[in-house]
Trainee: 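Below you'll find the structure I mean.
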Protein chains: 2
Amino acid sequence: MRPQKINDQELLMGLMSVLSSKGYDGASLNELAESSGLQKASLYYRFPEGKKEITSAVLNFVNEWIKKNIYLLLSNHSIEPLVRLHQVIKNINTLYNNGDAICILRALAMDTGVEIFGAQIKESLQLWIKGFTSLGTDIGMTEKVAKENAFLVLVQIQGSLIVSRGLGSTSIYKTTIKSVEEMYRT
Amino acid sequence: MRPQKINDQELLMGLMSVLSSKGYDGASLNELAESSGLQKASLYYRFPEGKKEITSAVLNFVNEWIKKNIYLLLSNHSIEPLVRLHQVIKNINTLYNNGDAICILRALAMDTGVEIFGAQIKESLQLWIKGFTSLGTDIGMTEKVAKENAFLVLVQIQGSLIVSRGLGSTSIYKTTIKSVEEMYRT
DNA sequence: GTCTATAGCTAGATAGAC
DNA sequence: GTCTATCTAGCTATAGAC
């Protein structure tokens, strides 16, 4: 029982960055190993089922991150709604490197990825929507309007990440983030 | 000089569908050949530089499609603005199979694809934006507002495609299309 | 211009030393 | 628990018949 060279958190963060930027098919085990600081064979020790298990573990990690940093925070009634939003926006900016990153959920939502990881992707998106719906009702929106706005936030942020990447500039991401903040200003 | 078994248009359409749903790394030459109705070696006859040339040709095809079915149509002053919009929406619905397809521009906008095809992706996105900006100014928006709305249309449609795929339902795509139509109702 | 067959390589995955 | 070395399958790409 040797000590772990790399702990789970570091490991998953490295793996996530490769899966996000390259996608499931594009991420090779060599790259995944390199980014995580382990050799291929060691990755198989940590994830015996290989690439599928690696990806699934990363998606669980992402799901936990979203739960903690978006969903639970937006549902936390002991914090002022606009303060929650402000903190969540900061977290989202960190997650997406201020618009310069590819969302792993979209990277994996190709034919290959959806077939295998569809349920996990859906779960994360739903957490996101539930969080923003909660925020909306807390500032006085009806359930219906709050849900519509929550979808709009998700749609616009995902879309702005695509367009930012396609145009090679994060300015539309930044504009979009500002307009999201406006949506909840009372 | 044998006759071509498959013409360029059919060929490119088949290739596009695989590249859209699988992405650049995920699309194998075997799949590309199968979807196009030719054998691998025949694909190399048509595209001597291989997968890169195939993808580049498909992106040119997409660019021409967008130019004709979105940009030029939206800029056609001899048609009523709202009629142009209506027709363009129909074309977009066809392109994206009413929300059930993956946009090839987003499929290729991963690290691997952007590095090689970034300029072509950017060109198509800019055509889209220019078209909707034209529509906006024609119904009385200032240049600034028209451009903001054009970005919003692109961002929302791209985002709604992602979320539709992630949730396994096209309903948010359809809602988004309706709200786009609303944006230009005078 | 399209095909079958195959070369050469890199992918995912495993064996076994330490 | 991590490593080096290696297996096999599938990949991109090519050769050469028709």
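Each chain gets a letter, A, B and so on, in the order its sequence line appears, and its residues count up from 1. What you see is a predicted model; the values in this text were computed from it and never measured.
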Trainee: Quick check on contacts: within residues 16-32 of chain B, what sits under 4.0 Å from DNA chain D by heavy-atom distance?
Mentor: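 Heavy-atom cutoff 4.0 Å gives Ala27(B), Ser28(B), Leu29(B), Asn30(B).
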Trainee: Is the phosphate of dA13(C) approached by Tyr44(A) (side-chain N or O, under 4.0 Å from OP1 or OP2)?
Mentor: yes
Trainee: Under 4.0 Å: is that the gap between some side-chain N or O of Arg2(B) and OP1 or OP2 of dC18(D)?
Mentor: no
Trainee: Could you tell me the separation between the CG atom of Asp111(B) and the CD1 atom of Ile116(B), rounded to the nearest 0.5 Å?
Mentor: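 One gets 11.0 Å once the value is rounded to the nearest 0.5 Å.
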Trainee: Measure CD/Glu34(A) against C1'/dT4(D) and give the value in whole Å, please.
Mentor: 17 Å
Trainee: If you only use heavy atoms from C-beta on, which nucleotide in dT2(D), dC3(D), dT4(C) is closest to the side chain of Tyr45(A)?
Mentor: dT2(D)
Trainee: What side-chain hydrogen bond (donor to acceptor under 3.5 Å, both in side chains) pairs are there with at least one residue in residues 7-17 of chain A, not counting sequence neighbours?
Mentor: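 Pairs touching residues 7-17 of chain A that pass the test: Asn7(A)-Glu10(A), Asp8(A)-Arg46(A).
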Trainee: dC3(C) P sits how many Å from Gln4(B) CD, rounded?
Mentor: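 Going from CD in Gln4(B) over to P in dC3(C) covers 12 Å.
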Trainee: About how many Å separate CZ of Phe47(A) and CG of Leu29(A), when rounded to the nearest 0.5 Å?
Mentor: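 Here the rounded value is 11.5 Å.
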Trainee: Over how many whole Å does the gap from Leu11(B) atom CG to dT2(C) atom P extend?
Mentor: 9 Å
Trainee: Can you tell if the side chain of Leu105(B) reaches within under 4.5 Å of the side chain of Leu59(B), non-hydrogen atoms only?
Mentor: yes
Trainee: Hey, can you pull the residues of residues 48-61 of chain B with a non-hydrogen atom under 4.0 angstrom from DNA chain D?
Mentor: Gly50(B), Lys51(B)
Trainee: Where the side chain of Lys5(B) is concerned, which of dT2(D), dT4(D), dT2(C) is the nearest nucleotide?
Mentor: dT2(C)
Trainee: Does OP1 or OP2 of dG1(C) have a side-chain N or O of Ser42(B) closer than 4.0 Å?
Mentor: no
Trainee: Could you tell me which non-hydrogen atom of Leu125(A) sits nearest to which non-hydrogen atom of Val163(B), and how far apart they are?
Mentor: CD1-O, 4.4 Å
Trainee: CD of Gln39(A) versus P of dC3(D): gap in Å, rounded?
Mentor: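 Taking atom P of dC3(D) as the reference, CD of Gln39(A) is at 5 Å.
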Trainee: Tell me whether Lys5(A) contacts the main-chain N or O of Gly37(A) through its side chain, where contact means a donor paired with an acceptor under 3.5 Å.
Mentor: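 Indeed, once roles are kept as given, a pair shorter than 3.5 Å links the two residues.
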Trainee: dT14(C) P sits how many Å from Phe47(A) CZ, rounded?
Mentor: 15 Å
Trainee: Please list every donor-acceptor pair under 3.5 Å in which a side-chain atom of residues 151-162 of chain B meets a protein atom from a residue at least two apart or in another chain.
Mentor:
from      : atom 1 : to        : atom 2 : distance (Å)
Gln158(B) : NE2    : Tyr96(B)  : OH     : 3.4
Ser160(B) : OG     : Gln156(B) : O      : 3.2
Ser160(B) : OG     : Ile157(B) : O      : 3.0

Trainee: Rounded to the nearest angstrom, tell me the gap between atom NZ in Lys40(B) and atom C1' in dA7(C).
Mentor: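 It is 11 Å, rounded to the nearest whole Å.
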Trainee: Which pairs would a plain distance check flag for residues 139-148 of chain B, meaning a side-chain donor or acceptor within less than 3.5 Å of a matching protein atom at least two apart in sequence or in another chain?
Mentor:
from      : atom 1 : to        : atom 2 : distance (Å)
Thr142(B) : OG1    : Val145(B) : N      : 3.1
Lys144(B) : NZ     : Glu148(B) : OE2    : 3.0

Trainee: Starting at atom CZ of Arg46(B), determine the distance to atom C1' of dA13(D), rounded to an integer number of angstrom.
Mentor: 18 Å
Trainee: Return the value, rounded to whole Å, for the distance between atom CG of Leu43(A) and atom P of dT14(C).
Mentor: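 One finds 13 Å between P of dT14(C) and CG of Leu43(A), rounded.
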Trainee: Sequence neighbours left out, cut at 3.5 Å: what donor-acceptor pairs do the side chains of residues 179-186 of chain A make with other protein atoms?
Mentor:
from      : atom 1 : to        : atom 2 : distance (Å)
Ser179(A) : OG     : Thr176(A) : O      : 3.2
Glu182(A) : OE2    : Arg185(A) : NE     : 3.3

